[in-house]
Amino acid sequence: MDSMASDDSNQGAAAKPKPKPPPLPLSVRLQLAGLTAAIDAVERRDGTVNRCLYGVIDRLLSARASPRPDASGVRSYDVTMDASRGIWARVFAPAAADRPLPVVVYFHGGGFALFSPAIGPFNGVCRRLCAALGAVVVSVNYRLAPEHRWPAAYDDGVDALRFLDARGGVPGLDDGVPVDLGTCFLAGESAGGNIVHHVANRWAAAWQPSARALRVAGVFPVQPYFGGVERTPSELELEGVAPVVNLRRSDFSWTAFLPDGATRDHPAAHVTDDNADLADDFPPAMVIIGGFDPLMDWQRRYADVLRRKGKEVLVAEYPGMFHGFYGFPELPEATKVLQDMKAFVDSHIPTPKLADA
């Protein structure tokens with residue numbers, strides 16, 4: 001970005017002005033204002049969450065599952081995975097399919113501490129993913145920090161895959177919607193993108209060799225939430241001007257999620273060449289980055305780590321886009337990113353072998 005350049009030799013020069021936010025529709029600006037106000041209202045400075053107030057906001061923002069297909073032909077229902085830990089999933093599927101569909105296991109954002117698959121924006125994203133990708137989407141409700149710190153969310157993500165693998169499919173689907181667990185993709189934005197990385201790595205290292213049916217064919221870390229003690233140029237430049245993410249909210253999330261006493265250089269947050277420990281079979285990745293996201297420097301570094309470790313990685317950047325942009329269908333880029341994800345899915349579905357003549 002040109003605005004990131006500076007003349008360090010000119011000690012007396014005035015600081016460059018902050019970049020201006022991209023023009024956004026009024027409806028998007030209002031939704032962003034409401035979202036950030038809700039986040040700030042429930043997050044306490046000591047790293048805890050006001051769960052009483054959060055419960056009210058959660059009920060106001062949540063959407064019920066709908067077994068009746070919507071205008072795009074997508075229906076939804078909820079499945080219990082582990083009642084003892086409160087792990088469940090919302091399944092999004094077409095009413096019928098003429099071939100086995102890939103499965104997308106999805107992890108929502110919220111700084112590891114907030115939200116669920118029922119929250120309106122995530123419910124809407126998964127509906128659009130189902131329709132655009134031609135896939136069955138399984139959106140996982142994992143345990144939240146700070147009540148459940150690292151590695152609880154990662155444990156829950158792996159267990160969700162084990163749940164599907166043990167059943168050989170997605171519970172609740174009838175014969176009219178067959179699925180192919182051999183083409184399973186993981187997707188998630190923000191904290192969910194961080195979870196995608198760590199769950200994929202754990203699955204590849206420990207569970208994939210013995211899995212009955214489920215094979216992770218690719219991953220979508222969408223504007224994944226990574227960090228470190230260092231303040232990157234994009235974090236500093238976009239502080240106070242980019243919506244959703246700022247240094248205070250980021251620090252809160254890491255304080256809530258990481259083990260007591262850990263710094264932001266913990267391997268959960270700070271994925272580097274030295275600590276990545278990527279499994280040999282780590283799946284192909286499409287890393288999605290917004291050009292107005294304070295976390296974009298961390299996301300680019302993450303993609304570079306994957307490359308240097310010899311993994312297949314595609315970086316898709318969307319200029320001027322803020323953190324969480326793809327959750328707003330009013331934006332043309334929100335449609336474009338789904339089209340790009342569809343192309344990635346199609347390119348990573350194994351070609352059926354022809355029968356011997």
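Remember, it's a predicted structure, so these values are computed and weren't measured experimentally.
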* To do: Could you tell me which residues satisfy salt bridge (charged side-chain N to carboxylate O under 4.0 Å, His left out) with Arg44, sequence neighbours excluded, listed by chain and number?
  => none

* Flag the pair Met321 / Leu331 as yes when at least one side-chain heavy-atom distance between them is below 4.5 Å, and no otherwise. => yes

* Side-chain (Asn123) to main-chain (Arg64) donor-acceptor, under 3.5 angstrom -> no

* To do: Report yes if the side chains of Arg128 and Tyr326 come closer than 4.5 Å at any heavy-atom pair, otherwise no.
  => no

* **Basic-acidic side-chain contact under 4.0 Å: Asp155, Arg85** => no

* Would you please classify the geometry between the Phe322 ring and the Phe328 ring as parallel, tilted or perpendicular, with 30° and 60° separating the classes? => perpendicular

* Asked: Going by atom types only, do Tyr225 and Ser250 share a side-chain donor-acceptor pair under 3.5 Å?
  -> yes

* For the side chain of Lys342 and the backbone of Leu129, is there at least one donor-acceptor N/O pair under 3.5 Å apart? -> no

* **Residues Asn194, Tyr154; criterion side chain to side chain contact (heavy atoms under 4.5 Å, CB included); working and verdict** => CA-CA 9 Å; Asn194 176 292; Tyr154 304 161; 2.6 Å; yes

* Would you kindly confirm whether Trp88 and Leu61 end up in one hydrophobic cluster when ILVMFWY residues are joined by side chain heavy atoms under 4.5 Å apart? => no

* Asked: If you link I, L, V, M, F, W and Y whenever their side-chain heavy atoms are under 4.5 Å apart, who else ends up in the same group as Val56?
  -> Leu60

* Run the salt-bridge test on Asp340 and Lys336 with the 4.0 Å N-O cut-off and return the result as yes or no. => yes

* Salt-bridge contact Arg249-Asp40 (side-chain N to carboxylate O under 4.0 Å) -> yes

* Any donor-acceptor N/O pair, Arg264 side chain to Gly228 backbone, under 3.5 Å -> yes

* Asked: In terms of side-chain heavy atoms, does Thr272 have a donor or acceptor partner in Asp274 at a distance below 3.5 Å?
  -> no

* Asked: Between atom CZ of Arg143 and atom CG of Asp156, what is the distance when rounded to the nearest 0.5 Å?
  -> 4.0 Å

* With no hydrogens and no angle check, is any side-chain donor or acceptor of His108 less than 3.5 Å from a backbone partner on Gly192? -> no

* Structure fact -> Rounding to 0.5 Å, atoms CG (Asp297) and OG1 (Thr232) come to a distance of 4.0 Å

* **Pairwise side-chain contact, Ile87 with Asn141, heavy-atom cut-off 4.5 Å (strictly under)** => no

* Mind running salt bridge (Lys or Arg N to Asp or Glu O under 4.0 Å) on Glu230 and Arg301 for me, showing each step along the way? => CA-CA 13 Å; Glu230 174 196 356; Arg301 292 184 190 183; 2.9 Å; yes

* Where do Arg212 and Arg167 land on the side chain to side chain contact (heavy atoms under 4.5 Å, CB included) test, with the steps shown first? -> CA-CA 9 Å; Arg212 294 171 51 190; Arg167 286 153 183 79; over 6 Å; no

* Asked: Looking at His148 versus Phe112, is the centre-to-centre ring distance below 6.0 Å?
  -> no

* Looking only at atom types and distance, does a side-chain atom of Gln208 sit under 3.5 Å from a main-chain N or O of Val216, one as donor and one as acceptor? -> yes

* To do: Begin from the C-alpha positions of Val105 and Val140 and carry the test side chain to side chain contact (heavy atoms under 4.5 Å, CB included) through to its verdict.
  => CA-CA 7 Å; Val105 179; Val140 178; 3.7 Å; yes

* Are the side chain of Ser116 and the backbone of Ala118 linked by a donor-acceptor contact shorter than 3.5 Å? -> yes

* Asked: Taking NZ, NE, NH1 and NH2 as the nitrogens, is one of them in Arg127 or Asp70 under 4.0 Å from a carboxylate oxygen of the other?
  -> yes

* Asked: Do NZ/NE/NH1/NH2 and the carboxylate oxygens of Asp273 and Lys309 come within less than 4.0 Å?
  -> no

* Student check: side-chain heavy atoms of Val170 and Val103 closer than 4.5 Å -> yes

* Asked: Below 4.0 angstrom, N of the basic side chain to O of the carboxylate: do Asp165 and Arg162 qualify?
  -> no

* **Ile195 side, atom CD1; Phe107 side, atom CZ - distance, nearest 0.5 Å** => 7.0 Å

* Should Ile57 and Leu30 be regarded as members of a common hydrophobic cluster, given that ILVMFWY residues are connected when their side-chain heavy atoms come within less than 4.5 Å of each other, either directly or indirectly? -> no

* Can you find a heavy atom in the side chain of Val313 that is under 4.5 Å from one in the side chain of Val287? -> yes

Show me the side-chain donor-acceptor pairs of residues 18-26 shorter than 3.5 Å, one per line, residues at least two apart or across chains.
unit_1, atom_1, unit_2, atom_2, d
Lys18, NZ, Leu236, O, 2.6
Lys18, NZ, Glu237, O, 3.3
Lys18, NZ, Glu239, O, 3.3

* Find out whether the Lys NZ or Arg CZ of Arg300 is both under 6.0 angstrom from the six-membered ring centre of Tyr302 and within 45° of the ring's axis. => no

* **Check ion pair Arg307-Asp304 (N to O, under 4.0 angstrom)** => yes

* To do: Could you tell me whether a side-chain N or O of Gln299 sits under 3.5 Å from a main-chain N or O of Ile289, the two making a donor and an acceptor?
  => no

* Asked: So, His323 versus Phe292, ring centres under 6.0 angstrom or not?
  -> no

* Asked: Heavy-atom count around Asp159 CG within 6.0 Å, excluding the residue itself: above 12?
  -> yes

* Asked: Does Ser66 offer a backbone N or O that forms a donor-acceptor pair with the side chain of Ser76 under 3.5 Å?
  -> yes

* Asked: Do Val271 and Trp298 touch side chain to side chain, with heavy atoms closer than 4.5 Å?
  -> no

* Would you check, one step at a time, whether the test side chain to side chain contact (heavy atoms under 4.5 Å, CB included) holds for Val219 with His197? => CA-CA 8 Å; Val219 295; His197 166 77; over 6 Å; no

* Asked: Is Val337 close to Ile288 at the side-chain level, that is, under 4.5 Å between some pair of heavy atoms?
  -> yes

* Verify the distance criterion only: is there a donor paired with an acceptor across the side chains of Asp293 and Tyr318 at less than 3.5 Å? => no

* With the threshold set at 4.0 Å, does a side-chain nitrogen-carboxylate oxygen contact exist between Arg90 and Asp78? -> yes

* Should the pair Arg202 and Trp207 be classed as cation-pi, given the thresholds of under 6.0 Å to the six-membered ring centre and 45° from the axis? -> no

* Taking NZ, NE, NH1 and NH2 as the nitrogens, is one of them in Arg99 or Asp180 under 4.0 Å from a carboxylate oxygen of the other? -> no

* Does some side-chain heavy atom of Thr335 sit less than 4.5 Å from a side-chain heavy atom of Pro329? -> no

* For the side chain of Ser190 and the backbone of Gly109, is there at least one donor-acceptor N/O pair under 3.5 Å apart? -> no

* To do: Tell me, with the steps shown, if His348 and Phe185 meet ring-ring contact (aromatic ring centres under 6.0 Å, His included).
  => CA-CA 10 Å; His348 289 84; Phe185 295 83; 7.1 Å; no

* Asked: In terms of hydrophobic clusters joined by side-chain contacts under 4.5 Å, are Leu247 and Phe226 together?
  -> no

* With side chain to side chain donor-acceptor pair (under 3.5 Å) as the test, would you mind laying out the steps for Thr263 and Asp265 before giving the verdict? => CA-CA 5 Å; Thr263 73; Asp265 284 343; 4.6 Å; no

* Ignoring hydrogens and geometry, is there a side-chain-to-backbone donor-acceptor pair from Arg215 to Gly182 under 3.5 Å? -> yes

* To do: Establish, for the pair Arg51 and Tyr54, whether the NZ or CZ atom is under 6.0 angstrom from the six-membered ring centre and no further than 45 degrees off its axis.
  => yes

* Asked: Do Leu295 and Val229 belong together in a cluster built from hydrophobic side chains that touch within less than 4.5 Å?
  -> no

* To do: Verify the neighbour count for atom CG of Asp280: are there more than 12 heavy atoms of other residues, nucleotides or ligands below 6.0 Å?
  => no

* Below 6.0 angstrom between ring centroids: does that apply to Trp254 and His266? -> no

